[in-house]
There are 2 protein chains.
Amino acid sequence: MVEQRRSIPGGDCTECRMRQSNEWQVLREEEVNFLARSQKCRSYHAGEVVFAEGEPSYGIYCVKSGTVAIRKIDNIGNPVLVQLGYPGDTLGYRGLLLGENRNSSAEALGPSKICFIDKQAVNTLLDKNPALGLQFLRRVTTDLDNAYTKLVENATFSNRTKFLHLLLVLMNRHGRMTNDGSRVMQLPLSRRDMASMIGTRHETVSRIISRLEEDGIARFSGRTVHVKQPHSLLEEIRPVVLE
Amino acid sequence: MVEQRRSIPGGDCTECRMRQSNEWQVLREEEVNFLARSQKCRSYHAGEVVFAEGEPSYGIYCVKSGTVAIRKIDNIGNPVLVQLGYPGDTLGYRGLLLGENRNSSAEALGPSKICFIDKQAVNTLLDKNPALGLQFLRRVTTDLDNAYTKLVENATFSNRTKFLHLLLVLMNRHGRMTNDGSRVMQLPLSRRDMASMIGTRHETVSRIISRLEEDGIARFSGRTVHVKQPHSLLEEIRPVVLE
DNA sequence: CGCCAGGTTGATTTCGCTCAAGCAATGTGG
DNA sequence: CCACATTGCTTGAGCGAAATCAACCTGGCG
């Protein structure tokens, strides 16, 4: 426990591959060096909390490896999984930018490496390099866009369809193609988490899974999922041919 | 029709009250002057389209007066109202910032005045004054936050509860207090629009309204709504006392 | 006048929630 | 090592909320 608090090797931003593809790509060399000095990287084990709802926002987090679950608590106290964070993703900017306490929690779903960049360092960088703010602006705008799309989808899709959508995006991230053209993945999520993501109960997810097996769409065994005909998923989702 | 294309009086940003309270407040004097020269303000009548899904993003819009509906089309072709724009709100930044076509449409719900600021002018200002970008960043972050909250609410609330929530926020915007402590408002929305906002059918909204009248919570007559005991709404919404 | 869009209401059915039981895997304390 | 609790998942039965389908009403408009 204790030794994980230390900064670990591999926390050097100058050679971080993630940096090429995310908001930080606009930093100039000396700014990257500044970032590398300010940032603190550490390992998290499965289930470990990165930050918790209600606590002050001390800085932001950059996922180097692993998968992170962002959850909010609904009005009756159930945690709802609202987003998954993957390598390259920057987490926790909301609280930081708005100067508010965290209103969501983050938990490593498996062994992960996550870098922490404190408030002051972020503000210094935003100040030095205006392009960084614009990068974040684009990123947040994209997220907002997706959130609205999800809002519309949730309002119109059946639970089964929403689950298939979820399965598809998880498959893209966590699945691997086998040599016979079928796909396999190891689910990173419990049924409860998946249920909360599509706004239903875990019992309903169980039933949906049963039906998918009956229909020959997919086979589930614990957290392992096999999909024989990956395009059978797509076909069922892509249903509506207008006019 | 044609003459409305012209810029109209009152479109001078230097004395625009909205500007004090929104993202543009960080502009310096010469930037405001630049904005005032670049911007084009015009009147819209009820039902008129401000921008339409699928078309290129030529710039952003700033609501000076009136109410604007932002809609997306769901997968089966129904328009879904995802947001309402009010005086001071800046609309259409998504498409502009991302350099993409509009993926939502905007329609004036009543007579409105809306200013247009074209792409180049926005980029010039963002470039000149980095604080503007940060203001937008905070604004979009707040929106994102609200979107996630809505996502969680939609997943857990009943239709009746969601409708009461909607009624409450509409009342805050459009309602007026009468001298006997009750509240009255003129609904800016059709039942269909309200239904789409809470992810249900217009028939269901009709039924919910009937029940609310039976329960003495509110009285509806066309688009006019009376609420005798404004806190009776709150009481029904604030239900869950944990532990 | 007929027509149409928006709204209300009714009858029926479907979907998904609730409550409940049971099961396997894992953990814990004696 | 066994007895027992706990956690995650599955399955069943019953019920309630809301979707669907359909009829009908109203006001506005060509």
Side-chain angles (χ1 to χ4, degrees), chain A residues 45-47 69 71 74-81 107 109-110 153-164 166-167 186-215 218-225 236 239-240, chain B residues 45-47 69 71 74-81 107 109-110 154-164 166 186-215 218-225 236 239-240:
Chain A
H45 52 259
R71 297 199 180 82
D74 73 11
N75 43 305
I76 52 173
N78 299 109
V80 178
L81 208 164
E107 174 197 328
L109 287 179
E153 286 182 2
N154 282 353
T156 49
F157 288 164
S158 70
N159 281 342
R160 170 161 172 148
T161 305
K162 284 189 269 182
F163 184 72
L164 286 175
L166 175 59
L167 219 51
Q186 212 47 30
L187 280 174
L189 300 173
S190 69
R191 316 277 143 138
R192 280 198 129 77
D193 271 336
M194 290 192 291
S196 78
M197 286 186 89
I198 61 174
T200 186
R201 308 282 142 181
H202 65 281
E203 297 100 317
T204 302
V205 167
S206 269
R207 286 182 234 277
I208 291 172
I209 287 176
S210 298
R211 305 241 174 90
L212 289 180
E213 298 202 315
E214 286 170 18
D215 299 350
R219 279 185 30 238
F220 291 76
S221 167
R223 289 198 174 184
T224 308
V225 191
E236 176 163 345
V240 201
Chain B
H45 53 256
R71 296 199 181 82
D74 75 8
N75 45 305
I76 51 173
N78 300 109
V80 178
L81 207 163
E107 176 197 327
L109 287 179
N154 282 352
T156 48
F157 288 164
S158 71
N159 281 341
R160 170 159 170 150
T161 306
K162 284 188 270 181
F163 184 71
L164 287 175
L166 175 60
Q186 211 47 27
L187 280 175
L189 301 172
S190 70
R191 317 277 143 140
R192 281 195 128 78
D193 272 336
M194 291 191 291
S196 78
M197 286 186 89
I198 61 175
T200 187
R201 307 282 142 180
H202 65 282
E203 297 100 317
T204 302
V205 168
S206 269
R207 285 183 234 277
I208 291 173
I209 287 175
S210 299
R211 304 244 174 88
L212 289 180
E213 298 202 315
E214 285 169 19
D215 299 349
R219 280 183 32 236
F220 291 75
S221 168
R223 291 201 173 182
T224 308
V225 190
E236 176 162 345
V240 200

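Just the heavy atoms: all of them, side chains too, but no hydrogens, waters or symmetry mates, feed the values below. Numbers restart at 1 for each chain; the letters A, B, ... are given by sequence-line order, proteins then strands. Keep in mind it's a predicted model, so treat the numbers as computed, not measured.
Looking only at atom types and distance, the side chain of B:Thr224 has no donor-acceptor partner in the side chain of B:Ser221 under 3.5 Å away.
Rounded to the nearest 0.5 Å, atoms CZ (B:Arg191) and CD1 (B:Ile208) are 11.5 Å apart. In this structure, the separation between CZ on B:Arg192 and CD on B:Glu203 is 7.5 Å, given to the nearest 0.5 Å. We find the CD1-CG distance between A:Ile76 and A:Asp74 to be 5.0 Å, quoted to the nearest 0.5 Å. Expressed to the nearest 0.5 Å, how far CG of A:Leu164 lies from CD of A:Glu236 amounts to 5.0 Å.
Rounded to whole angstrom, the span from the CD atom of B:Glu213 across to the P atom of C:dG7 amounts to 14 Å. D:dT7 atom P lies 10 Å from atom CZ of A:Arg192, rounded to whole Å. In this structure, CZ of B:Arg191 is placed 6 Å from P of C:dG7, rounded to the nearest angstrom. With rounding to whole Å, B:Arg223 atom CZ is found 13 Å from D:dG28 atom P. Atom CD1 in B:Ile209 sits roughly 9 Å away from atom C1' in C:dG7 (whole-Å rounding). Rounded to whole angstrom, the span from the NZ atom of B:Lys162 across to the P atom of D:dA18 amounts to 8 Å. Rounding to whole angstrom units, NE2 of residue A:His202 and P of D:dT10 are separated by 9 Å.
Base engagement by B:Ser206 is indicated by at least one non-hydrogen atom pair under 4.0 Å involving a base atom.
The neighbour count for A:Arg211 CZ, taken as heavy atoms of other residues, nucleotides or ligands under 6.0 Å away, does not exceed 12.
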Just the table, please: protein N/O against nucleotides 13-19 of chain C N/O, every pair under 3.5 Å.
| residue | atom | partner | partner atom | Å |
| --- | --- | --- | --- | --- |
| C:dG16 | OP1 | A:Asn159 | N | 3.0 |
| C:dG16 | O5' | A:Asn159 | ND2 | 3.3 |
| C:dC17 | OP1 | A:Thr200 | OG1 | 3.0 |
| C:dC17 | OP2 | A:Thr200 | OG1 | 2.7 |
| C:dC17 | OP2 | A:Thr204 | OG1 | 2.5 |
| C:dT18 | OP2 | A:Arg201 | NE | 3.1 |
| C:dT18 | O4 | A:Arg207 | NH2 | 3.1 |
| C:dC19 | N4 | A:Glu203 | OE2 | 3.3 |

